[in-house]
Amino acid sequence: MESSILSKVSQLVRDIHCCNSCLGRQFGNLLTGLSNTKRGEALKILLLMEWENNHRLLAIEPPNSSSLLSKDFNIGSVSIKRFFPDTQPVDTPCDICQDNLSSYKLKTLTTDALKALSEYEFSTFLVGSQFPPFIIDKEDTIRGAYNLEFGESIKSEFNREIGKRLQEQIDDALVEFKAPDIVLTFDLMNNQIKIKSNPLFILGRYRKFKRGIPQSKWFCRKCHGKGCEYCNFTGKMYQESVEEFISEPILSAAKGIASKFHGSGREDIDARMLGNGRPFVLEISEPKKRNLDFKMLEREINKNAVGKVEIKIEGLTNRAKVRELKTRSSRNAKGYRVIISLNSPLKLGKTEIQAIENEFSDLLIQQRTPIRVVHRRADKVRSRRVKSFQIKKIEPHQLTLYIVCEGGLYVKELISGDEGRTQPNLSERLNITANVIQLDVVEVFNDKDSL
Ligand SMILES: [Zn+2]
Ligand SMILES: [Zn+2]
């Protein structure tokens, strides 16, 4: 087969009725800085000149190619008409794209997309498309049959052309491939435009001043959220949670469909979370609004939860941050104020206090999953380090401690020993039954090793 473009093109347009775009696209990877429509038009012009040249010199018949009379190639019918007055443009759709790449179709779809996008706030987007398989197959067959090596795919042309048109019509919106706010999919089989709004990730820190509030929404253990007598038809075990205080106002401002709360670890329900607060990311699915007024939301949330929860929003973040919170930073060191009760009175001298503090500082603790959580977590042994251990106050039946330890250490069990499942532990060391009666997280450090 001959490899010159001109011979391929003249065969192609003789056999197949194609629009300018579809012709140009078969050579789409040759040259840059022009559209496939321009490429196709240029090729058709050349063929048409060739024809007119031969016609004038040799008086040949009109060209036997309907592509030169396609409705998007006015030059063809007008030029040929000069010699053959009965010439009319050919109105049938393009054999390859079925007119899905016609300027009219692209314009209509752009208008429909703008309408569908009107309720969304976004600054980046990506266009995708689903073509009927017979169109894709047809193009593949043609590529093979005419030995066309530099063609572009119909989808990538369509996506780019729609993207270009949308970008022209929407202020400050750009096509982005990596992490677009919006993904638009044109389903050309069912004539539908689907919009996927990628999640919004909001980074903040919370403090919890009141005991008895869980971090996350806790569904009723009997009805799992449906509502029953046990939960007073609320579907929940606890009426309030840190998650709900934070997520509800933000979800409604963002007009999303669901939210997910990701905390950097969690405190026990009966522990307060003080100090600089615990980092969290709130994920909002399918948001319609992205330009949120964080100051206002912060005020609203803090007002609703006054005396219970207080937050500070740091701004937008991304999914990578969620992974980091869940893995690396959940191990970050935390400082605890712990009050423990003793079953019998205890007297400790200065040197003894010093000795205990030294023993428990910088100590690796082996913990088997505590009895109180083993019903929902795997039963295994893990090790976490106590960084520093200070006895702050001694009363006959009560001790107040300040402990800094690696995230994930079960502090209650460090004190009680959890029937020997945590080693070493304070109860055994003091040879007394010791239990935590009050626990507060007073500091969340920024890395695993800081004190
Ligand atoms: Zn076409
Ligand atoms: Zn229930």
Side-chain angles (χ1 to χ4, degrees), residues 8-30 34-45 47-48 65-77 89-110 127 129-143 145-146 148 150-162 164-165 186 188-189 191 214 216-241 244 269 376:
K8 286 179 186 175
V9 173
S10 45
Q11 284 177 43
L12 189 63
V13 299
R14 191 191 58 215
D15 303 343
I16 290 151
H17 177 65
C18 55
C19 70
N20 298 346
S21 291
C22 287
L23 180 60
R25 189 170 62 256
Q26 311 313 322
F27 306 91
N29 288 318
L30 296 174
L34 76 168
S35 64
N36 287 332
T37 308
K38 278 263 163 64
R39 282 187 183 84
E41 204 175 46
L43 292 167
K44 286 186 185 179
I45 288 171
L47 289 181
L48 193 61
S65 159
S66 65
S67 297
L68 296 181
L69 292 168
S70 66
K71 57 198 165 195
D72 61 343
F73 189 64
N74 196 35
I75 307 162
S77 48
V90 173
D91 201 35
T92 49
C94 167
D95 272 350
I96 301 178
C97 72
Q98 300 300 316
D99 286 355
N100 277 306
L101 286 174
S102 71
S103 59
Y104 174 77
K105 182 75 183 257
L106 293 177
K107 194 178 160 199
T108 312
L109 290 175
T110 303
V127 177
S129 51
Q130 292 165 321
F131 273 76
F134 77 88
I135 291 185
I136 309 283
D137 292 347
K138 176 131 200 179
E139 187 158 69
D140 284 348
T141 310
I142 292 171
R143 294 266 161 93
Y146 296 86
L148 302 164
F150 296 105
E152 187 193 7
S153 83
I154 189 166
K155 277 189 183 186
S156 84
E157 173 169 6
F158 176 89
N159 298 349
R160 184 183 58 247
E161 290 300 324
I162 293 273
K164 224 156 64 181
R165 283 164 175 77
F186 292 80
L188 297 170
M189 290 176 283
N191 256 323
S216 45
K217 187 173 171 180
W218 195 330
F219 288 109
C220 169
R221 65 165 65 98
K222 296 223 159 141
C223 67
H224 306 286
K226 281 190 227 100
C228 67
E229 252 170 57
Y230 181 72
C231 62
N232 210 6
F233 299 96
T234 59
K236 300 189 283 186
M237 299 295 289
Y238 296 89
Q239 291 325 294
E240 296 174 324
S241 64
E244 287 162 282
I269 180 167
R376 58 187 163 89

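Remember, it's 1-based here, ligands and their atoms both numbered in the order they're listed.
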Task: the Zn ion (ligand 1) contact by Cys94, N, O or S atom under 2.8 Å - done: yes
Rounded to 10°, the SG/Cys231 to the Zn ion (ligand 2) to SG/Cys228 angle comes out at 110°
The angle formed at the Zn ion (ligand 2) by SG of Cys220 and SG of Cys223 is about (to 10 degrees) 100°
- Message: Under a 3.5 Å cutoff, is there a donor and acceptor pairing between the side chains of Ser241 and Ser216?
- Response: no
_Check the orientation of Phe186 and Phe158. Use parallel for under 30°, tilted for 30 to 60°, and perpendicular for over 60°._
perpendicular
Item checked: Check ion pair Arg160-Glu157 (N to O, under 4.0 angstrom) -> no
ask   = Is there a donor-acceptor contact under 3.5 Å from the side chain of Lys217 to the main chain of Lys236?
value = no
Taking the Zn ion (ligand 1) as the apex, Cys97 SG and Cys22 SG span an angle, rounded to 10°, of 110°
